[in-house]
Amino acid sequence: MITLGIESSCDETSIALLEDERIIRNKIFSQQEHSLFGGVVPEIASRAHLDKIDRLTISVLNEASIKIGDIDLISVTDSPGLAGALLVGISFALGIHTASGIPITGINHLEGHICSVFFEHPQLRYPFLALVVSGGHTAIYKIIATGQYECLGETVDDAAGEAFDKVGKLLGFAYPAGRAIEQTAASVENSSNPISFPIAQVSKIPGLNFSFSGLKTAVKYYTSSKDDAFILDNRPRICAAFQNAVIESLVNNLWKASEQTGISDVALVGGVACNGALRSALKNRFNNRVYFPIPSLCTDNAAMIALAGYYRNQNGLSRFPRLDPSSSL
Ligand code: KG4
Ligand code: ZN
């Protein structure tokens with residue numbers, strides 16, 4: 001079965017083709033325009049998707065020697081995300097569906113991220129816990145079966161990736177800053193005098209929720225009392241302290257979720273799942289029962305959307321795409 005995946009929820013235009021669960025092509029075009037503004041500008045994102053989406057699709061089909069008529073299912077992200085950006089992908093998908101009669105399904109972007117773990121780990125069995133950590137979301141889900149997810153906790157303010165990007169901006173890194181912060185933190189000598197930033201006190205946040213805005217503010221206060229030369233010299237220590245605090249909060253809550261549910265298999269997905277220090281910390285805590293995609297499948301991509309669509313189709317759970325896309329679930 002051939003599935004065409006379409007992803008345009010934020011600043012990546014991506015088109016993928018799968019044969020069953022195997023990736024034939026997964027092209028991702030990352031919009032660079034936003035780095036000038038230190039974050040994604042919704043209107044620019046919509047226009048850039050519009051400019052790219054048809055040519056990207058044609059090139060994916062040509063490279064794979066697949067014709068529109070060979071496609072069995074169209075799978076498109078329909079929320080959450082930027083409304084205008086999502087509408088570009090949804091309208092494009094509906095155009096192909098209407099003209100060709102090919103079945104279509106809408107996919108929740110987070111469901112796509114969760115399914116991305118199965119590319120590398122098809123042996124992973126339900127139920128498992130998923131820590132979804134991206135620029136837009138930070139949440140722990142109990143994954144019961146295809147399409148059956150229970151949210152156990154989520155951020156009450158910034159997403160973890162958003163905190164990386166905002167702290168990166170304070171430290172003079174380009175957007176998105178997650179990778180640069182990780183690389184800079186890695187250059188810290190173990191012996192050097194560490195800085196300590198507070199992690200949100202979990203007892204003050206209900207359930208298994210997260211909070212990262214206080215941590216970001218702590219970095220802001222710390223840097224505002226220092227001159228530029230000091231900040232530049234101490235960027236590795238600041239990055240390491242910030243990253244450690246984020247990781248501690250993520251690992252602690254996931255551990256609690258595991259204790260509460262009795263589930264010990266954990267999927268780590270979303271852009272922040274690229275972070276090697278987070279991967280190692282989780283592996284240590286969960287005795288290696290942690291599963292994550294390769295980095296190019298952690299960040300936004302259409303292959304994960306196509307796979308989620310394939311699973312929904314196999315389980316009779318396809319649904320018409322939302323025509324009212326929004327940032328909420
Ligand atoms: O999943 P994604 O591509 O987009 C959303 O759905 O939001 O995630 C992008 C986020 C950005 O905030 C980026 O800074 C972060 O993932 N990220 C990282 C790393 N690589 C990407 N954060 C920490 N460490 C990394 N190595
Ligand atoms: Zn995402």
Side-chain angles (χ1 to χ4, degrees), residues 5-14 16 26 28-32 34-35 37-40 42 45 49 76-82 85-86 89 107-117 130-139 141 154-155 158-171 173-187 212 215-216 239-240 242-251 267-282 292-305 307-308 325 327-329:
I6 301 173
E7 157 65 33
S8 69
S9 65
C10 192
D11 55 344
E12 261 91 27
T13 318
S14 180
N26 182 33
I28 304 162
F29 176 77
S30 296
Q31 302 170 0
Q32 302 302 324
H34 308 287
S35 62
F37 303 94
V40 178
H49 286 305
V76 60
T77 307
D78 65 354
S79 279
L82 302 170
L86 283 162
I107 290 294
N108 178 294
H109 181 77
L110 302 188
E111 184 174 332
H113 273 303
I114 291 162
C115 288
S116 67
V117 75
L131 176 61
V132 183
V133 263
S134 70
H137 299 90
T138 297
Y141 289 91
E154 61 191 334
T155 181
D158 292 347
E162 188 181 357
F164 268 93
D165 297 335
K166 286 178 175 170
V167 164
K169 198 173 174 184
L170 290 173
L171 299 176
F173 293 113
Y175 171 88
R179 191 152 175 260
I181 289 187
E182 179 184 3
Q183 286 170 342
T184 309
S187 67
F212 295 107
L215 171 61
K216 174 197 67 193
C239 288
F242 162 76
Q243 182 174 270
N244 289 343
V246 173
I247 291 174
E248 196 176 331
S249 162
L250 294 172
V251 174
L268 172 65
V269 299
V272 183
C274 294
N275 189 288
L278 173 60
R279 290 176 175 215
S280 308
L282 280 174
F292 34 75
I294 55 169
S296 61
L297 293 171
C298 287
T299 46
D300 289 350
N301 67 86
M304 67 185 192
I305 303 302
L307 189 62
S327 57
S328 57
L329 300 172

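Hydrogens, waters and symmetry mates play no part in the numbers below; they use all other heavy atoms, side chains included. Just so you know, ligand 1 is whichever comes first in the structure, and atom 1 is the first atom listed for that ligand. Remember, predicted model here, so these are calculated numbers, not experimental data.
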*Hey, which atoms in ligand 1 end up nearer than 4.0 Å to a heavy atom of H109?*
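This gives 6 (O) as the contact atoms.
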
Using a 4.0 Å cutoff against the non-hydrogen atoms of H113, which atoms of ligand 1 qualify?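 What qualifies from ligand 1 is 1 (O), 6 (O).
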
Below the 3.5 angstrom mark, is there an N/O of [X], backbone or side chain, next to an N/O of ligand 1?
X	answer
G135	yes
E12	no
G270	no
T299	no

Exercise for review: For atom 11 (C) of ligand 1, grab the closest protein heavy atom and report residue, atom and distance to one decimal in Å.
Suggested key: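 The closest one turns out to be D165 OD2, 3.5 Å.
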
| task | Looking only at protein heavy atoms, identify the closest one to atom 26 (N) of ligand 1 and say how far it is in Å. | result |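 The answer is E182 OE1, 2.8 Å.
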
Of the choices G178, G39, G136, G168, which has the non-hydrogen atom that lies closest to atom 22 (N) of ligand 1?
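Nearest heavy atom to atom 22 (N) of ligand 1 lies in G178.
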
So between G271, A185, S30, whose heavy atom ends up nearest atom 8 (O) of ligand 1?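 Shortest heavy-atom distance from atom 8 (O) of ligand 1: G271.
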
task = Measuring from the Zn ion (ligand 2), name the closest N, O or S atom belonging to D300.
result =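 For D300, the N/O/S atom sitting closest to the Zn ion (ligand 2) is OD1.
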
Compute the angle centred on the Zn ion (ligand 2) spanning NE2 of H113 and NE2 of H109, and express it rounded to 10 degrees.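 Value, to the nearest 10 degrees: 90°.
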
For this session: Among D165, V40, D11, T299, find the one that has a side-chain contact (heavy atoms from CB on, under 4.5 Å) with P176.
Result: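 Of all the options given, the one that passes is D165.
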
Would you say the ring centers of Y175 and F37 fall short of 6.0 Å from each other?
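Here the rings of F37 and Y175 have centres that are no less than 6.0 Å from each other.
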
Legend entry - Q243 side chain to N275 side chain, donor-acceptor N/O pair below 3.5 angstrom: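 The answer is yes; a qualifying pair exists.
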
